[in-house]
Amino acid sequence: MATELPKAYDPKAAQEKWLTFWEQKGYFHSEPDPAKKPYTIVIPPPNVTGALHMGHALNNTLQDVLIRWRRMQGYNALWMPGTDHAGIATQAVVERQLLQQEKKTRHDLGRDELVKRIWQWKDQYEARILGQLREIGASCDWKRTRFTLDPVCARAVRETFFKMFRDGYIYRGKRLVNWDTHLQTSVADDETDTVPTKSGFWTFKYQVLGEPGASATGDPVFISFSTTRPETMLGDTAVCVHPSDERYKALVGKLVLQPHTGRKIPIIADGQLADPELGTGCVKVTPAHDPNDYACWVRHPEIGIINILNPDGTINDAGGEYKGLDRYKAREAVTKKMEELGLYVGKEDREVPLKISDRSKTPIEPYLSDQWFVKMADRTDGKPGLAQMAMDAVTGGRVKFFPERYADGYLAWLGEKRDWCISRQLWWGHRIAVWSRTFADQKTFEDTLALEAGTWASLPHVAWTTQDDTRTVHICLAHDDQDLIAALTADGFAQSDDVLDTWFSSALWPHSTLGWPGPTLPETNPQRKAPDWDALRSYYPTSTLVTSRDIISLWVARMVITGLYNVGNIPFSDVYIHPQMQDAFGNRMSKTTGNGIDPLDIVDRYGADALRYQMVALAGDTQDSRMPVSNVCPHCDTLVPIKQEHLSGRTKKLVCPNCKKPFRPGGPWTSEDPELITAKQASDRFDQGRNFANKMWNATRFMLMNLDGYTPGPVDVATLPTEDRWLLSRLATTTKAVTAALEAYRFSDVARLVYDFVWSEFCDWYIEMSKGRLKAPATRAPAQRVLTGVLDGILRLVQPVMPFVAESLWHALGEVAPERGLPTPAKAEESVAIAKWPTYPDAWIDAPVEARFARMQDLVRSVREVRNRYQVDDKTKLDVTVKCADAVAADFNALAAFIGPLAGIATLTAGPNVAKPKQAGGIVRPEFEAYVSLVGLIDPAAEIKRLEKQMADKRKTLDGTRAKLSNEKFVSAAPPEVVQQQRELVADLEKQLAALEENLKDLQTA
RNA sequence: GGGCGAUUAACUCAGUGGUAGAGUGCGUUCUUCACACGGACGAAGUCACAGGUUCAAAUCCUGUAUCGCCCACCA
């Protein structure tokens, strides 16, 4: 007797066992190998800010499916794992923790100490993230794990920055940034939230100066304007009206008095800034503190630009008597002064959109600051324009998007060719390697340049540029030349405090992790492997990038840019964009709203295979995919679906509808609540995957119980019975379709195809049919060979999606049938993770056999339906007579050995001339003229009603189709095969209706 | 405001011109020797709405509505 498997699949045991096994075998490590074609994926590095969520589970499962599949296909498959330092997000989370736990700011700690703390945080969360990836079965090459601040990456960042600086792509410029006054850093637009906030809408007036400062009546003339931020009046450099606004036409060009500062500022006309319909139609212009005003200043630079804020949000010297006041205090003071001067017109309460920093949760100030930029525009000096270069890669088809439509967004964004601000006022990140000195006077500036420029120009690792308006020299070093740095420092140069935008290092990820700019850098971590030119040559460009659409511009576009710029080649040929997950109500999942699910909750409850199966199943080509979430009652394990009302305002307590006990819903809680147990989260969407794993487990279990005496041997398909040929036809078809779906990134098709084949065709039909054959010695051996051979193929097909259950069953099967396979058996590989991806001969695909089998299935289902409708118990065998063509009868006879047991038929008589039995029960299914002997089991009235309804439906279809066929236009315009098909349909329906009619008569006379 | 996507059974989704599909759930039934995380059978849909193209529309076109995502804007 073969080894017996437990009755149910135990995911936990399997996961632990096979993770260790795979690692020991080293299957996932890849080395450059000229004999094999490479297939490479670099992971979108998760931020080290926290744990992985469901979006990561989706993203990484899909990558793993591709990698495992290509590995089986014989590619040299490399999946490069790693994490991202996520500058602002990580620093903010550590700073927040520092403030909460120690009541300290980063300035209390100092740069070195804070960075040290963040490294500690990083080590902790990196380990956690990599552990989570491992747990869901990600077959990454862990030896190549990278972090965006690794020396390997730092070197690439330094090199890229230097090259871009030298080539004139990087420049110093002013930029109105989102300034976080609390963290004292600029933040990106997407790192802010806009929240409606109660505030005011003030209206003031400025007095118009000029000849002779009066109206016709001699009274002073005023111009009024509205604002939501009165304190910015301190920085006003103009007031602006629409050029076609008749009310103000006469005033354009005159000056007004800014009363707080005493400045005389002009009235200008600008159609883009002022809207005559809004407010007074006149608007004040504060270029340094408002994005629109800034844009106005760019159009009218003569008005000037005045910064009134210090980095901490207090008013600076430009604010005169208001200097040192916090901006909100200044707002009051400035307003009060206007009241005193009689320039205050009014105020209404209004809800205004206020930009809040995601990280510090404090209001953002638009703030003018010096930043480093990468120039994206086309160039006139023959060097390529970066944006255009990346656009050409997509329009030229070298980089392809799946689904294609995402290319449009990519091209539209790049088409704006907006420069990329790459400096961040942070401590956590790649520090910018630029040393700068601002000279106090023009002469020293020029003298120094005259003296030093020649020296700098002669050094290949030095690039320099000047900012003439501020008399500043910027020197960029390709590497830390300590002597030069010492000399520069002695000369008054200081290194920039800024670090680079996180996306700058992420943009290099595909080539920096593969060793660019080579050669080998000494590796400090003994467990990891340093990349070199060889790796870059072998694995670059990578094959597929798998990501979600929200970072197509931030990340994908920039990888294409730097790949082309640094390596001279695209970073990847395919970009697959997967859907985003939403909750049951179409809202995006997030921890803070509590509608997300922790993937490890799912692994724990349903198993990693179930999680992965579901991720694959929902990855269709639409943008979004919904996942209803439930809380698991910690008392009685009931699933309590999350309702819309639970989400608004975060319900803190739920009562289980089943056991009536209270619990705290799962969500963004940072700690346990001793009073109220916190629920884990779940979703019954994962049932399907869990059940599927168990189904395969039990199919294998059945086989192991029936493989006594198994001997391997070749199988000649042509001589096999119909059901075997049907199964092999289905296997070959399915395998081909699965392979095609993977090639086209149609993941949901993969899940569906495999599921249907295994469950419906293999288990429900073939295994059931094999039971009889396995009992008879004469037919046992071929059935065993087909069963093991097909299961072998199934496990291979399933491995990329559900590797744990596949590996478990592979080994279980291997114990009994180590040699197996179709058509010729071979020794099975030691692991399905490295087994060959299956392919079967096209000749196996046999449409006539499938058609015959479908008829048999129809008959079986029909008889079962009758049994069920008339409540005939299973022990009662039925006699069935089928009137049909000879060919069909032959099929039935060929399959009679199975039809009987499957449908509980005692005698089956089939042929064109069979006589209807004297006491027929009813028509089994109108597709056949089939009669079942059912004595005394029919309720004629109910049956007549049912038949009439059925006949009415058929007649409707028949009439419609007949009308269609009698239409000359249809017959002439439609393709001949369609016309033929419709004719057959009519004939079929007529036959069915006639049979139903006859049956109805029988019933009426009974 | 612009772009993209969605709207098909109670739920989650397939279905791109020719008789409406699956899984879950639901109902009936079966705990007989792979699996109750199971087997068998069944009920359930004006394919969001309105026009148009076509012999023929869930499918193609136009518009409307609702929902979602991205981008821009909001003195």
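Below, chain A is the first sequence line, B the second, and so on; all start at residue 1. Bear in mind the structure is a predicted one, so any value in this text is a computation, not a measurement.
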Notebook entry, point to check: In whole angstroms, how far is the P atom of rA22(B) from the CD atom of Glu761(A)?
Noted result: 14 Å

Next item on the list: Using the C1' atom as the reference point in each nucleotide, state the distance between rA22(B) and rC30(B) in Å, no decimals.
Entry: 24 Å

Next item on the list: Take Met627(A) and Thr961(A), find for each the nucleotide of RNA chain B with the closest heavy atom, and name the residue whose nucleotide sits nearer the 5' end.
Entry: Met627(A)

Check: Between rG1(B) and rA43(B), how far is it from one C1' atom to the other, in whole Å?
Finding: 48 Å

Notebook entry, point to check: Can you find a heavy atom in the side chain of Phe804(A) that is under 4.5 Å from one in the side chain of Lys12(A)?
Noted result: no

Next item on the list: Mind checking Asp684(A) for me? I need base, sugar-phosphate or nothing, with any heavy atom below 4.0 Å counting as a touch.
Entry: nothing

Next item on the list: Mind checking Arg861(A) for me? I need base, sugar-phosphate or nothing, with any heavy atom below 4.0 Å counting as a touch.
Entry: sugar-phosphate

Notebook entry, point to check: Does rA20(B) pair with anything, Watson-Crick or G-U wobble, both distances under 3.5 Å, and if so, with which nucleotide?
Noted result: none

Check: Side chain of Gln871(A): nearest nucleotide among rA34(B), rU29(B), rA72(B)?
Finding: rU29(B)

Check: Mind checking who rC67(B) pairs with, Watson-Crick or G-U wobble, both distances under 3.5 Å?
Finding: rG5(B)

Note to self: If I take atom CG in residue Asp873(A) and atom P in nucleotide rG39(B), what distance separates them, rounded to the nearest angstrom?
What the structure shows: 21 Å

Item checked: Rounded distance in Å between the P positions of rU8(B) and rG15(B) -> 14 Å

Item checked: Nearest to side-chain heavy atoms of Tyr755(A), which nucleotide of rA34(B), rU12(B), rG23(B) -> rG23(B)

Margin query: Classify Gln981(A) by what it touches in the nucleic acid, base, sugar-phosphate, or nothing, heavy-atom distance under 4.0 Å.
Written below: sugar-phosphate

Check: Of all the nucleotides listed (rU19(B), rG68(B), rA34(B)), which has the minimum atom distance to the side chain of Leu985(A)?
Finding: rU19(B)

Next item on the list: Could you measure between the two C1' atoms, the one in rG38(B) and the one in rU24(B), and give it in whole Å?
Entry: 15 Å

Check: Is there a donor N/O on one and an acceptor N/O on the other, under 3.5 Å, for the side chain of Gln982(A) and the base of rA56(B)?
Finding: no

Note to self: My understanding is that a pair needs two contacts under 3.5 Å, Watson-Crick or G-U wobble. By that rule, which nucleotide pairs with rA14(B)?
What the structure shows: none

Margin query: Looking only at side-chain N and O atoms, does Lys284(A) offer a donor or acceptor that is under 3.5 Å from a partner on Ser226(A)?
Written below: no

Next item on the list: Fit a plane to each ring of Phe757(A) and Phe762(A), take the angle between them on a 0 to 90° scale, and name the class: parallel (under 30°), tilted (30 to 60°) or perpendicular (over 60°).
Entry: parallel

Next item on the list: Report the nucleotide, chosen from rC55(B), rC4(B), rA34(B), that has the shortest atom-to-atom distance to any side-chain atom of Arg405(A).
Entry: rC4(B)

Notebook entry, point to check: Among side-chain atoms of Ser630(A) and Ser683(A), is any donor-acceptor pair under 3.5 angstrom?
Noted result: no

Item checked: Atom-pair distance (CD1 on Ile767(A); P on rC33(B)), nearest Å -> 16 Å

Note to self: Taking the minimum atom-to-atom distance to the side chain of Asn691(A), which one of rC55(B), rC41(B), rC37(B) wins?
What the structure shows: rC37(B)

Check: If you measure from the P atom in rU64(B) to the same atom in rG23(B), how many Å do you get, rounded?
Finding: 39 Å

Check: Can you find a side-chain donor-acceptor pair between Tyr745(A) and Asp621(A) that sits under 3.5 Å?
Finding: no

Notebook entry, point to check: Can you tell me how far C1' in rG21(B) sits from the matching atom in rU28(B), rounded to whole Å?
Noted result: 23 Å

Note to self: Suppose we define a pair by two distances each less than 3.5 Å, Watson-Crick or G-U wobble; what does rU46(B) pair with here?
What the structure shows: none

Notebook entry, point to check: With respect to the side chain of Lys7(A), which nucleotide from rG18(B), rC35(B), rC37(B) is positioned closest?
Noted result: rC35(B)

Margin query: Let's test this: given Watson-Crick or G-U wobble pairing with both distances under 3.5 Å, identify the partner of rU59(B).
Written below: none

Next item on the list: Ignoring hydrogens and angles, state whether a donor on the side chain of Glu977(A) or Gln981(A) is under 3.5 Å from an acceptor on the partner side chain.
Entry: no

Next item on the list: Please determine, for the side chain of Asp764(A), which listed nucleotide (rG39(B), rA34(B), rC55(B)) has the closest atom?
Entry: rG39(B)

Check: If we call it a pair only when both distances are under 3.5 Å in a Watson-Crick or G-U wobble match, what pairs with rA34(B)?
Finding: none

Next item on the list: Searching all strands shown, indicate the nucleotide that pairs with rU29(B) (Watson-Crick or G-U wobble; both distances under 3.5 Å).
Entry: rG39(B)

Notebook entry, point to check: Which is true for Tyr9(A) with a 4.0 Å heavy-atom rule: it touches a base, it touches only sugar-phosphate, or it touches nothing?
Noted result: nothing

Next item on the list: Starting from P on rA34(B), measure out to CG on Leu774(A) and report it in whole angstrom.
Entry: 11 Å

Margin query: Say we look at rC4(B) and rU62(B): how far apart would their P atoms be, to the nearest angstrom?
Written below: 11 Å

Item checked: Closest listed nucleotide, where the reference is the side chain of Lys969(A) and the choices are rC55(B), rA14(B), rA34(B) -> rC55(B)

Check: Between rG39(B), rU24(B), rC35(B), which nucleotide gets closest to the side-chain atoms of Asn694(A)?
Finding: rC35(B)

Notebook entry, point to check: Counting any heavy atom closer than 4.0 Å, what does Cys240(A) reach on the DNA or RNA strands: base, sugar-phosphate only, or nothing?
Noted result: nothing

Next item on the list: Would you indicate which nucleotide in rC55(B), rG68(B), rA40(B) comes nearest to any side-chain atom of Asn868(A)?
Entry: rA40(B)

Next item on the list: For the pair Tyr755(A) and Phe692(A), name the ring-plane relationship: parallel under 30°, tilted 30 to 60°, perpendicular over 60°.
Entry: tilted

Note to self: Contact list please: residues 613-622 of chain A against RNA chain B, heavy atoms, distance less than 4.0 Å, in numerical order.
What the structure shows: Thr622(A)

Margin query: Determine whether a donor-acceptor pair (one donor, one acceptor, N or O, separation below 3.5 Å) exists between the side chain of Lys695(A) and the base of rC35(B).
Written below: yes

Notebook entry, point to check: Can you tell me how far P in rU29(B) sits from the matching atom in rC70(B), rounded to whole Å?
Noted result: 50 Å

Margin query: Looking at Lys771(A), I'd like to know whether one of its side-chain N or O atoms comes within less than 4.0 Å of OP1 or OP2 on rC33(B).
Written below: no

Margin query: Distance alone, cut at 3.5 Å: any donor-acceptor contact between the side chains of Asp236(A) and Tyr206(A)?
Written below: yes

Notebook entry, point to check: For Asp408(A), which residues count as a salt bridge (Lys or Arg N to Asp or Glu O under 4.0 Å) partner, sequence neighbours excluded?
Noted result: none

Checklist line | Gap between atom CE of Met338(A) and atom NZ of Lys205(A) - 0.5 Å precision | finding: 9.5 Å

